[in-house]
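Structure, as structure tokens:
Predicted, not measured: the structure shown is a model, and the values here were computed from it.
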Amino acid sequence: MNPDHWLLITGSREWNDRKNIHHAFQQLQRRFPHSTFGVCHGVARGADTLADGVARELGWAVDPVPADWDRYGKSDRKSTRLNSSHITI
């Protein structure tokens, strides 16, 4: 599946409000009923994991991109996701 829009998930590892993520994703679907969506995330606990589950539940594409600690180090943990080919900022 190649969605019309990708969402880059960046959030706290302590985030635990799945209901809020589900609500936000449903709002996108209602606002853009003829569009398809996907999420890209860094495979961390918290927001990434919750968004992954909600996206799969809604039938969205999911692109988990774990951080490459060896290549980028901890100070540059978002680089792997931002280099993903389908992300548009």
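Aromatic rings from Phe25 and Trp60 are positioned such that their centres are separated by under 6.0 Å.
Between His41 and Val65, every side-chain heavy-atom pair lies at or beyond the 4.5 Å cut-off. Residues Arg31 and Gln26 are not in side-chain contact: their nearest non-hydrogen atoms beyond the backbone lie 4.5 Å or more apart. Using a 4.5 Å heavy-atom threshold, the side chains of Leu50 and Trp15 count as touching.
Rounding to the nearest 0.5 Å places CD of Glu57 at 4.5 Å from CZ of Arg18. We find the OG-CG distance between Ser12 and Asp17 to be 11.5 Å, quoted to the nearest 0.5 Å.
No side-chain donor-acceptor contact under 3.5 Å links Ser35 to the backbone of Asp4.
For the side-chain contact (heavy atoms from CB on, under 4.5 Å) with Val54, the lone residue among Ile9, Asn20, Ile21 that qualifies is Ile21.
Under a cut-off of 6.0 angstrom, the local environment of NE2 in His5 is crowded, with over 12 non-hydrogen atoms contributed by other residues, nucleotides or ligands.
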| What do the steps show when you test Asp48 against Val43 for side chain to side chain contact (heavy atoms under 4.5 Å, CB included), and what is the final call? | CA-CA 6 Å; Asp48 292 5; Val43 195; 5.7 Å; no
